[in-house]
Amino acid sequence: MTGARTGATTGAVPLFDDDVQPPAQRSEIAPGAVHVPGWLTLPQQRELVAACRRWAAGPVPIRHTRLPRGGAMSVQTVCIGWHWQPYRYTRTGDDVNGARVADFPDWMVRLGRRALVDAYQAPDAGDGYTPDTALINFYDAAAKLGMHQDKDERSDAPVVSLSIGDSCVFRLGSAENRNRPWSDVELASGDLFVLGGPSRFAYHGVPRIHPGTGHPDTGLAHGRLNITMRVTGLTG
Ligand code: MD6
Ligand code: FE
């Protein structure tokens, strides 16, 4: 860990440079499931909020994903790289406006690789990791996400999760079913969570948001933003 946060004040926009390594206290919640509090600096969070605002506007605007059996998710979602709806990924937002989704940017690939290096404390942990989609979720004070597995990807590569704004309760269960036992973890603004290895297909959810707990300097006045990067395993 060299450089700490000092890189943020030198040169032009070094926000995602490799030398910006926040000091991080990691904790392994379950094998392969790692929480790194305060991983993103405030400038990085601001940059991500700004990027997510642009993606939320289009080409496929943010929306409440409709569920196959009727109803809609309380969370609002916009996708980049590939468009997710329950059970499938497509290049176009077929359940929204049919437009092609925004490209997955190279800087986010690099951010995902650094996340794995820091979460797993291994210099080569990010080698060969090339996330090609991100689901960007926005939670208002009342939004929740039920217990689910992320298994629409044809890859067992880790999911990298970044949280900004209001803190929440993140519930991590087992890979077997959605019931207890589970661990409740508080995810705050700037936190990294990686779900990989034996925990890649563990059930998890967000039962509660803590309104008003975000830092105003992130650029998010209220609510919670969560970005999950994934490898779809798809081509085309
Ligand atoms: C959220 N996250 O934190 C929802 N999935 O708002 C997820 O569903 C998630 O955080 C896979 C891996 C990490 C996650
Ligand atoms: Fe998930």
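Values reported hereafter were calculated over all heavy atoms of this structure, with side chains retained and with hydrogens, waters and symmetry mates removed. Counting convention: from 1, in listed order, for ligands and their atoms alike.
The single protein non-hydrogen atom nearest to atom 12 (C) of ligand 1 is Val159 CG1, 3.3 Å, given as residue, atom name and distance. Regarding atom 2 (N) of ligand 1, its nearest protein heavy-atom neighbour is Asn226 OD1, 3.5 Å. Nearest protein heavy-atom neighbour of atom 3 (O) of ligand 1: Arg224 NH2, 2.9 Å. Here the protein heavy atom with the shortest distance to atom 10 (O) of ligand 1 is Ser161 OG, 3.1 Å.
Qualifying salt bridge (Lys or Arg N to Asp or Glu O under 4.0 Å) partners for Arg88, counting only residues two or more places apart in sequence or in other chains: none.
Residue contacts with ligand 1, taken as heavy atom pairs separated by less than 4.0 Å, involve Phe170 solely via side-chain atoms from C-beta onward.
Counting the atoms of ligand 1 from 1 in the order shown, those under 4.0 Å from a heavy atom of Asp150 are 5 (N), 11 (C). Close approach of ligand 1 to His148 is summarised as follows: ligand atoms under 4.0 Å from at least one heavy atom of the residue are 8 (O). Heavy-atom contacts of His204 reach the following atoms of ligand 1: 5 (N), 7 (C), 8 (O), 9 (C), 11 (C) (cutoff under 4.0 Å). Taking a cut-off of under 4.0 Å to the non-hydrogen atoms of Leu195, the atoms of ligand 1 that pass are 11 (C), 12 (C). For ligand 1, the atoms sitting less than 4.0 Å from at least one non-hydrogen atom of Leu145 are 4 (C), 8 (O), numbered in the order shown with element in parentheses. Short contacts between ligand 1 and Tyr139, defined as distances under 4.0 Å to a heavy atom of the residue, involve ligand atoms 1 (C), 4 (C), 6 (O).
Considering only heavy atoms from C-beta on, Thr130 comes within 4.5 Å of Arg113 through its side chain. Side-chain atoms of Arg46 and Ile164, non-hydrogen and from C-beta on, never get closer than 4.5 Å to each other. Side-chain contact between Val96 and Asp94 is absent, with no heavy-atom pair separated by less than 4.5 Å.
A donor-acceptor pair shorter than 3.5 Å can be found between the side chains of Ser167 and Thr213. Of the N and O atoms on the side chains of His222 and Asp140, not one donor lies less than 3.5 Å from an acceptor on the other residue.
In this structure, CG on Leu234 lies 5.0 Å from CZ on Arg154, to the nearest 0.5 angstrom.
For residues 125-178, the ring-ring contact (aromatic ring centres under 6.0 Å, His included) pairs, not counting sequence neighbours, are His148-His204, Phe170-Phe193, Phe170-His204.
Looking only at N/O/S atoms, Asp150 comes nearest to the Fe ion (ligand 2) through OD1.
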